[in-house]
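See structure below.
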Amino acid sequence: MRIATWNCNSIRSRVDRAVAFLERHDVDVLALQETKCRDDQFPMMPFQAAGYDVAHVGYSQWNGVAVVSRVGLEDVEVGFPGQPGWGEPAEAEARALGATCGGVRVWSLYVPNGRSLADPHLLYKLDWLAALRDAGRGWLADDPGAAVALMGDWNIAPTDDDVWSVEYYAGKTHTSPQERAAFAGVVEAGFADVTREHTPGPGTFTYWDYTQLAFPKRRGMRIDFCLGSPALAARVEQAFIDRDERKGKGASDHAPVVVDVADV
DNA sequence: ATGGTGGAACGTCCA
């Protein structure tokens, strides 16, 4: 089974690219982030015509996550247990959606950006990741053999090799010790990055800013990951970043990450 | 190059 994750930065403006990506790489399950639409605005028909089912959650023009699958889409869950909200008063955001596809519990996750190190949004990001760590620990306690894939835009570059310039990101979000510790917390709860050994760095990225010719200058970050439970990680055969999807007119600022999981 | 990103309540926020 081939599973993938992609921050599409608006599904309405990139539905053709999304379907072409699924067909180009023969993808079975795709976790999407930043769909930037409400459920009633999601372009379902192109996916259905290509043979896929879709589960989506979106409350506004912000955030929005989906799981697209042609190998089943069961037990859809909006948000994970304990997921913090944002705003005053705090309200749930459309940043997490789980579904069981072909026997794998797939989560599409859009981790809060953080904005700046002094912004309350950074504390929200850290709280959100701590809650995800606790939820993940709970899932594995309930079923140590569960095949779980935590896929999405983590908005964290876990190592210095995951940014084009350590100096450029000094004092900014995505590389701070507290963010890296929050990411490590999810790993310590039992979820390993299953892509890195197949996509070695440095200089291997999944995101490039739209500005300043960052993509052709290869100035990017690795911030999109698939973190697998032990049972899932043991089945990973290969992985790659579809860098070509970042090319050309109308590309998202993120490239998809693709993971091949052996059948049991 | 009278621009310098792009996407979303089409005005201004978000990334």
Side-chain angles (χ1 to χ4, degrees), chain A residues 5-21 31-44 46 56-66 84-88 90-97 108-129 151-158 162-165 168-176 178-179 182-183 205-225 241 243-257:
Chain A
T5 183
W6 187 35
N7 180 324
C8 62
N9 187 20
S10 168
I11 193 58
R12 286 179 290 174
S13 62
R14 266 180 273 283
V15 61
D16 291 346
R17 274 184 175 262
V19 173
F21 163 75
L32 289 166
Q33 300 85 39
E34 280 210 272
T35 58
K36 289 188 171 176
C37 66
R38 299 185 307 268
D39 292 348
D40 62 286
Q41 298 172 308
F42 191 100
M44 293 285 180
H56 175 259
V57 59
Y59 302 126
S60 69
Q61 72 271 45
W62 307 124
N63 312 308
V65 288
W86 172 250
E88 192 57 50
E91 292 182 15
E93 293 189 306
R95 293 181 178 274
L97 185 140
S108 181
L109 303 170
Y110 179 43
V111 175
N113 175 284
R115 298 181 183 168
S116 75
L117 295 183
D119 196 295
H121 209 258
L122 185 81
L123 298 177
Y124 172 48
K125 181 180 194 173
L126 299 175
D127 286 346
W128 201 95
L129 285 162
M151 309 187 81
D153 175 0
W154 293 77
N155 267 317
I156 293 171
D162 298 325
V163 295
W164 68 274
S165 164
Y168 178 83
Y169 288 101
K172 299 186 175 74
T173 59
H174 293 62
T175 62
S176 71
Q178 54 271 47
E179 288 166 276
F183 184 90
F205 306 130
T206 64
Y207 162 87
W208 301 260
D209 195 278
Y210 281 123
T211 67
Q212 304 299 317
L213 298 174
F215 181 64
K217 291 181 177 175
R218 299 181 177 268
R219 296 179 171 178
M221 283 196 282
R222 188 205 293 257
I223 57 175
D224 300 270
F225 299 94
I241 297 163
R243 194 175 182 281
D244 287 347
E245 179 51 47
R246 182 61 178 79
K247 296 178 180 175
K249 182 176 169 61
S252 170
D253 42 2
H254 294 252
V257 178

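In the text below, chain A, chain B and the rest are named by the order of the sequence lines, each starting its count at 1. Model, not experiment: these values are computed from the prediction. All values below come from the heavy atoms of this structure, side chains included, with hydrogens, waters and symmetry mates left out.
We find the OG1-CG distance between A:Thr173 and A:Leu117 to be 6.5 Å, quoted to the nearest 0.5 Å. Taking NE2 from A:His174 and OH from A:Tyr169, the interatomic distance works out to 8.0 Å, rounded to the nearest 0.5 Å.
For the side chain to side chain donor-acceptor pair (under 3.5 Å) criterion with A:Asn9, the lone passing option out of A:Glu34, A:Lys36, A:His254 is A:Lys36.
Going from atom CG of A:Asn7 over to atom P of B:dA15 covers 11 Å, rounded to whole Å. Separating the NE2 atom of A:His121 from the P atom of B:dA15 is a distance of 5 Å, rounded to the nearest angstrom. Separating the CG atom of A:Asn63 from the P atom of B:dA9 is a distance of 13 Å, rounded to the nearest angstrom. The CG atom of A:Asn113 sits 18 Å away from the P atom of B:dG7 (whole-angstrom rounding). Atom CD in A:Glu34 sits roughly 17 Å away from atom P in B:dC13 (whole-Å rounding). Rounded to an integer number of Å, the gap from A:Arg38 CZ to B:dA8 P is 13 Å. One interatomic measurement links the two molecules: NZ of A:Lys217 to C1' of B:dT5, which rounds to 14 Å at whole-angstrom precision. At whole-Å resolution of the value, CG in A:Asp209 and P in B:dG7 are 13 Å apart.
Comparing B:dG6 with B:dG11, their C1' atoms sit 15 Å apart, to the nearest whole Å. Across the C1' atoms, B:dA9 and B:dC14 are found 13 Å apart, a figure rounded to whole Å. With both ends at atom C1', the span from B:dG7 to B:dT2 equals 25 Å, rounded to whole Å.
Nearest-nucleotide assignment on DNA chain B puts the 5′-proximal partner with A:Ala251, out of A:His254 and A:Ala251. Residues A:Tyr110 and A:Ser10 both approach DNA chain B. Their nearest nucleotides, taken by heavy-atom distance, put A:Ser10 toward the 5′ side.
Residue-level contact check: A:Tyr207 touches neither bases nor backbone, having no heavy atom under 4.0 Å from any strand. In this structure, A:Thr211 reaches the bases: a heavy-atom distance under 4.0 Å links it to at least one base atom across the strands shown. Heavy atoms of A:Arg14 sit under 4.0 angstrom from primed sugar atoms or phosphate atoms, though from no base atom.
Of the candidate nucleotides B:dT5, B:dA15, B:dA8, B:dT5 has the atom lying nearest to any side-chain atom of A:Tyr210. Of the candidate nucleotides B:dA15, B:dA9, B:dG7, B:dG7 has the atom lying nearest to any side-chain atom of A:Asn9. Comparing B:dC14, B:dG7, B:dA9 by their closest approach to the side chain of A:Arg115 singles out B:dC14. With B:dA15, B:dT5, B:dA8 as the candidates, the nucleotide lying closest to the side chain of A:Ser13 is B:dA8. Residue A:Lys36 has its side chain nearest to B:dG6 when only B:dA15, B:dA9, B:dG6 are considered.
Between A:Val163 and A:Tyr168 there is no side-chain heavy-atom pair separated by less than 4.5 Å.
At least one cation-pi condition fails for A:Arg222 and A:Phe205: the charged atom is not both under 6.0 angstrom from the six-membered ring centre and inside a 45 degree cone around its axis.
Under 4.0 angstrom from either OP1 or OP2 of B:dG4 there lies no side-chain N or O belonging to A:Gln212.
Closest approach of A:Ile156 to A:Leu129, counting heavy atoms only: CD1-CD1, 3.5 Å.
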